[in-house]
Amino acid sequence: MTPDGYVSQVVDSAAGLVAPDGPRRRAAPEDRFAESFSLIRDSVAWLAQSRRARSIDESLSQAYEISLEITSSLYAAGADGHAWRSWSSLASWGYALRGDVSGAVPYAVLGGSRGHLEGLQAAPHRQPLPERVVRNLALGAEAPLSGPEHGAEAPLPGPENDDDIDGAWLSLAVSIPRKDHRRTEESLQALADFWILEDEEWDVFALRGYPCFDPCVCAAAALARRDGYRPRELTHDARRFLGPGLAP
């Protein structure tokens with residue numbers, strides 16, 4: 001797909017976009033969902049009218065931002081899996097066309113489409129650990145899980161670092177391919193607990209507040225599910241937090 005083709009696909013696919021009926025996955029007054037989709041339609045109309053007078057890079061940047069917002073809004077408003085996942089795939093294409101593997105991979109995993117990521121190059125040590133873990137698990141890549149922020153070598157998963165965030169990510173890097181579902185669940189629960197405590201309004205839908213989910217954590221859950229993991233003892237809030245990745 002070319003950048004110009006991508007912009008056209010976003011504009012065409014968003015034609016007539018309206019809020020789905022639900023049930024809502026994030027909390028908000030009903031009129032906020034309607035207003036969100038109205039704002040999106042305005043953004044799409046402006047992109048369609050102005051794209052020929054702007055550089056392709058500017059149009060591409062706006063188109064991929066629109067795809068991110070639509071993905072988030074559809075998920076929050078309760079759209080069926082096919083609808084929000086197709087937009088997640090489009091968002092991944094937007095990242096890929098801009099050469100951003102960090103952003104492309106999680107959205108590709110959630111969208112169920114990864115063929116367009118082949119050949120993308122990245123600077124592994126400049127990526128945060130979550131992005132490196134998801135990239136390795138999704139693409140079979142071998143980006144080192146050590147880096148400046150971890151020292152010369154990353155610690156192996158073990159009891160000494162089970163409760164910290166880096167430890168949870170390093171544990172997932174091992175437990176998912178080994179199908180150690182108990183360890184995977186412990187790590188996913190730890191990540192969900194951390195971010196739920198960090199943001200007391202994580203389940204509130206805000207205008208322009210996209211994404212309404214953590215792409216990397218949810219992508220890790222999706223990759224675990226692909227390899228046979230099914231939730232057993234996750235808390236209710238953790239299941240909701242990880243929802244985009246745990247959905248069939």
Side-chain angles (χ1 to χ4, degrees), residues 1-3 5-14 17 25-26 36 40 43-44 47 59-77 79-124 126-141 143 169 172 176 188 191-192 195 202 205 208-227 241-248:
M1 187 185 301
T2 65
Y6 175 79
V7 174
S8 294
Q9 186 163 344
V10 169
V11 170
D12 293 344
S13 298
L17 189 71
R25 297 187 180 98
R26 295 292 184 264
S36 173
I40 290 170
S43 295
V44 173
L47 173 61
S59 295
L60 174 61
S61 180
Q62 186 185 5
Y64 108 93
E65 287 286 353
I66 288 172
S67 69
L68 290 175
E69 185 172 11
I70 292 176
T71 302
S72 179
S73 296
L74 285 174
Y75 181 80
D80 63 69
H82 174 75
W84 71 263
R85 287 183 197 280
S86 65
W87 277 100
S88 183
S89 292
L90 263 182
S92 177
W93 265 104
Y95 275 114
L97 288 167
R98 299 170 75 245
D100 184 352
V101 69
S102 289
V105 173
Y107 279 93
V109 169
L110 293 173
S113 173
R114 299 197 291 276
H116 59 287
L117 301 180
E118 293 181 8
L120 268 186
Q121 300 297 316
R126 296 194 183 119
Q127 292 178 293
L129 181 62
E131 279 84 348
R132 280 180 272 154
V133 171
V134 171
R135 178 176 177 240
N136 286 5
L137 291 171
L139 304 180
W169 279 107
L172 288 173
I176 291 176
L188 290 173
L191 291 170
W195 290 112
W202 66 271
F205 178 68
R208 302 294 200 201
Y210 58 91
C212 68
F213 51 81
D214 186 297
C216 272
V217 180
C218 291
L223 290 163
R225 194 180 193 286
R226 182 192 68 180
D227 281 354
F241 183 88
L242 298 167
L246 297 177

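These numbers were taken from a predicted model, which means no experiment stands behind them.
A pairwise comparison of heavy atoms in V109 and A219 identifies CG1-O, 3.7 Å as the closest pair. In this structure, A220 and L172 approach most closely via the heavy-atom pair CB-CD1, 4.1 Å. Between V134 and L223, the closest heavy-atom pair is O-CD1, 4.0 Å. G245 approaches R225 most closely through the heavy-atom pair O-CD, 4.0 Å.
Results of the side-chain contact (heavy atoms from CB on, under 4.5 Å) test with Y107 over C218, P211, S89 single out P211 as the only residue that passes.
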Stepwise side-chain contact (heavy atoms from CB on, under 4.5 Å) test for V101 and R135: CA-CA 8 Å; V101 69; R135 178 176 177 240; 4.0 Å; yes

side-chain hydrogen bond (donor to acceptor under 3.5 Å, both in side chains) assessment of Y210 paired with T71: CA-CA 9 Å; Y210 58 91; T71 302; over 6 Å; no

Q9 vs W93, side-chain contact (heavy atoms from CB on, under 4.5 Å): CA-CA, chis, key distance, verdict: CA-CA 11 Å; Q9 186 163 344; W93 265 104; over 6 Å; no

Candidate pair Y75 and R26, rule side-chain contact (heavy atoms from CB on, under 4.5 Å), full reasoning: CA-CA 8 Å; Y75 181 80; R26 295 292 184 264; 4.1 Å; yes

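S13 places no side-chain N or O within donor-acceptor distance of the main-chain N or O of V10, the cut-off being under 3.5 Å. Distance alone, capped at 3.5 Å, places no donor-acceptor pair between the S88 side chain and the W84 backbone.
Interatomic distance, CG of D100 versus OG of S92, reported as 9.5 Å (0.5 Å rounding). We find the OH-CZ distance between Y6 and R98 to be 9.5 Å, quoted to the nearest 0.5 Å. In this structure, CD on E69 lies 6.0 Å from OG on S43, to the nearest 0.5 angstrom. Of the inter-residue distances, the one linking I66 atom CD1 with S73 atom OG reads 11.5 Å to the nearest 0.5 angstrom.
Proximity of the aromatic rings of F241 and F213 is defined here by a centroid distance below 6.0 angstrom, and this criterion is not met.
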